[in-house]
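Have a look at the structure below before the remarks.
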Amino acid sequence: MSTISIKNLSFAYNGQDLLFDNVSLSLDSQWKLGLLGRNGRGKTTLLNIIQGKLDYSGKISANIDFEYFPQAISDKDNLTLYAIQDKFHVEQWELEKEFSQLQLDPKVLWQPYNTLSGGEQTKVLLALAFKNKNGFVLLDEPTNHLDAHTRQQVATYLNNKKQGFIITSHDRNFLNQVIDHTLVIEAQNIRLQQGDYARYEEQKAIEDKSNLAQNEKLKRSISQLKTSAAQKKNWARSAEREKENNFHADKGFITAKAARVMKRSTTMQKRIESQIKDKEGLLTNIETITPLSINFQTSHHQDILNVEKLTLTYPGYDSLFKPISFNLKQGQQVVLKGDNGSGKSSLIRAILKQDDIKIIEGNISLASNLKISYLQQLEDNNTDNLKQFAEHHHLEYNELLNILHKLGVERNTFTNRICDLSAGQKKKVFLAKSLLEPANLYLWDEPLNYLDTFNQDQIIELIKTYRPTMLIIEHDSRFIDEIDAEVVELQKN
């Protein structure tokens, strides 16, 4: 057992507010620790600080090797084993030993890394991270892009590990399977407690309910204090006006009186302002969810999309999946499920007539004159700032900022380039674009990736409220159940 000691940690990016202010923590290296918090709160930043990748004030000490996931692979065109060994010191047998626990075929080592599915790449990098039995692994969003089957395999793998780790993920069910402690970056503080995500949610809900019960009392108290502060200012002003306007009065007496009132007013105002600040602080740690809206426009067609006995291919593949048929009607939500590499994203691109995807047999029929909004998985290289982004996509800039604010994006990031935002913030930009676009049909490819649980709840409530016509790729079982969508499963050939 080893201790990771964090003392008086403070950090801020240049020109931005403090992300961490004098934080002290003591973590046990045997813990399986979930690192939670809303997008932009600093989860990935904290992992980078622990690794020594960022300058900070304070002290971090640990007699342990840190291993980070996901590692960067330089030559992705190379065979997987050589691509890994080009940058990391690891023996083939070490990887294969971990592969057996991850139910991964060792033959992937002799395939080019960039030909592996997302799930296979995740498993390869997990094996690389955990091959050091004395290491403490920092796992940053390992569940992104994983199908439900692979998520369960990874959960079982992590459960069987004797060594500890820190993990960030927005899949609540997954976290509840693998963690025994939680570290949560909340709005006003950092909370460390024993237990899984469900236990944290339960305790936080009890606290929030109690705090909300005090909310109206606090607001009334704050309002009274502000009224009192304004009265104190008016007393001093009245005394000063009396001195200026009363020509027959004793000026010395009035001046002394005004000075006394002003002094009392200043002292009381400072005390009142301090009380207001303290009371307002009690309200700011409650996480609030603001309802979202969507620019869904009904079509005069009832049958929006029809897929009949369809199979697809693209260069290098005979066929992606076994023939499928389904119909998407006005106001309906259909979720595409299937293992990684089964062709879910390819099907959406085929509907949009993108890339070199070809229909082997069957057909895709779309209603005429449809306006379609497409949300892809993630764009990393957009160098626009938000104003330029709005102009390029013909969006109202203020409406874009308003939705981003509802999604929890901090205002101090509004001037940043999109490529400089965190993965969660980038996802919110493209989600906001889709919500603003007038559309009869929404094609969303893994909308929950990188989004925190509060945003996931926002999207669920949005869909349940507006019931837009949607074809969605998603693996999160809770999301699928909540929106009560029809499920179409793709099976690899």
Side-chain angles (χ1 to χ4, degrees), residues 68-73 76-81 83-84 95-131 137 139-161 165 167-175 177-178 312 314 316-317 319-322 335-349 376-378 380 423 427 444-451 472-480 487-493:
Y68 180 75
F69 169 98
Q71 308 87 327
I73 301 298
K76 296 182 179 181
D77 294 324
N78 204 347
L79 296 180
T80 298
L81 178 61
I84 291 172
L95 292 172
E96 290 182 347
K97 183 178 179 182
E98 298 300 316
F99 283 4
S100 65
Q101 299 173 47
L102 284 159
Q103 302 180 48
L104 180 63
D105 193 330
K107 289 190 293 187
V108 301
L109 291 172
W110 307 107
Q111 295 175 227
Y113 182 82
N114 62 6
T115 66
L116 304 185
S117 70
E120 289 170 336
Q121 290 182 4
T122 294
K123 288 181 177 182
V124 167
L125 297 182
L126 282 171
L128 178 60
F130 279 99
K131 58 92 179 175
V137 185
L139 298 160
D140 197 356
E141 299 282 6
T143 53
N144 278 341
H145 311 297
L146 295 187
D147 59 57
H149 179 62
T150 306
R151 288 187 191 200
Q152 188 55 55
Q153 290 178 329
V154 171
T156 301
Y157 174 73
L158 294 177
N159 268 328
N160 291 334
K161 284 298 172 187
F165 52 78
I167 183 170
T168 69
S169 174
H170 298 307
D171 186 326
R172 281 175 262 208
N173 294 335
F174 177 86
L175 285 173
Q177 292 183 70
V178 303
L312 300 175
Y314 60 80
Y317 287 81
S319 62
L320 291 171
F321 47 78
K322 294 179 180 179
V335 170
L336 296 177
K337 287 184 66 177
D339 292 344
N340 292 123
S342 60
K344 300 181 296 296
S345 297
S346 297
L347 175 54
I348 283 185
R349 291 198 298 271
Q376 61 190 74
Q377 290 186 14
L378 193 63
D380 283 325
K427 189 61 175 275
W444 282 6
D445 194 345
E446 299 195 18
L448 302 191
N449 277 349
Y450 304 105
L451 295 184
I472 308 170
I473 298 172
E474 189 49 62
H475 304 293
D476 191 298
S477 57
R478 175 181 172 273
F479 172 82
I480 297 169
V487 176
V488 174
E489 187 130 11
L490 274 64
Q491 297 181 352
K492 291 182 181 179
N493 251 339

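All of these numbers come straight from a predicted model, not from anything done at the bench.
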Legend entry - Pair Ile348-Gln376, side chain to side chain contact (heavy atoms under 4.5 Å, CB included): steps then yes or no: CA-CA 10 Å; Ile348 283 185; Gln376 61 190 74; over 6 Å; no

Closest contact, heavy atoms only, [X] versus [Y]:
| X | Y | answer |
| --- | --- | --- |
| Gly338 | Lys344 | O-NZ, 3.0 Å |
| Phe174 | Ser169 | CD2-OG, 4.2 Å |
| Gln153 | Leu102 | OE1-O, 4.2 Å |
| Pro447 | Glu474 | CD-OE1, 3.3 Å |
| Thr80 | Pro112 | OG1-C, 3.9 Å |
| Ile73 | Ala83 | CG2-CB, 3.9 Å |

Legend entry - Evaluation steps, side chain to side chain contact (heavy atoms under 4.5 Å, CB included), between Leu448 and His170: CA-CA 8 Å; Leu448 302 191; His170 298 307; over 6 Å; no

Would you compute the distance between atom [atom1] of [X] and atom [atom2] of [Y] and round it to the nearest 0.5 angstrom?
| X | Y | atom1 | atom2 | value |
| --- | --- | --- | --- | --- |
| Leu336 | Ile473 | CG | CD1 | 5.5 Å |
| Ser117 | Asp147 | OG | CG | 8.0 Å |
| Glu446 | Lys427 | CD | NZ | 7.0 Å |
| His145 | Arg151 | NE2 | CZ | 10.0 Å |
| Leu109 | Leu95 | CG | CG | 6.0 Å |
| Ser345 | Leu320 | OG | CG | 10.5 Å |

Legend entry - Exceeds 12 heavy-atom contacts within 6.0 angstrom, atom NZ of Lys492: yes

For residues [X] and [Y], determine if any side-chain heavy atom of one lies less than 4.5 Å from a side-chain heavy atom of the other.
| X | Y | answer |
| --- | --- | --- |
| Leu158 | Leu139 | yes |
| Tyr113 | Asn78 | no |
| Glu120 | Leu104 | yes |
| Leu175 | Ile167 | yes |
| Lys337 | Ile480 | yes |
| Val154 | Thr143 | no |
| Lys123 | Phe99 | no |
| Gln121 | Lys76 | no |

Legend entry - Chi angles and distances behind the side chain to side chain contact (heavy atoms under 4.5 Å, CB included) call for Leu116, Gln111: CA-CA 7 Å; Leu116 304 185; Gln111 295 175 227; 3.7 Å; yes

Legend entry - Contacts of type salt bridge (charged side-chain N to carboxylate O under 4.0 Å, His left out), residue Asp476, not counting sequence neighbours: none

Legend entry - Residue list, salt bridge (charged side-chain N to carboxylate O under 4.0 Å, His left out) with Lys161, at least two apart or on another chain: Glu98

Legend entry - Check: Gln377 main-chain N/O paired with Asn449 side-chain donor or acceptor under 3.5 Å: no

Inset, instruction - Mind checking side-chain contact (heavy atoms from CB on, under 4.5 Å) for Gln71 and listing every partner two or more places apart, or none if nothing turns up? - result: Phe69, Phe88, Leu125, Leu128, Ala129

Inset, instruction - Give a yes-or-no answer on whether the side chains of Ser342 and Asp339 include a donor-acceptor pair shorter than 3.5 Å. - result: no

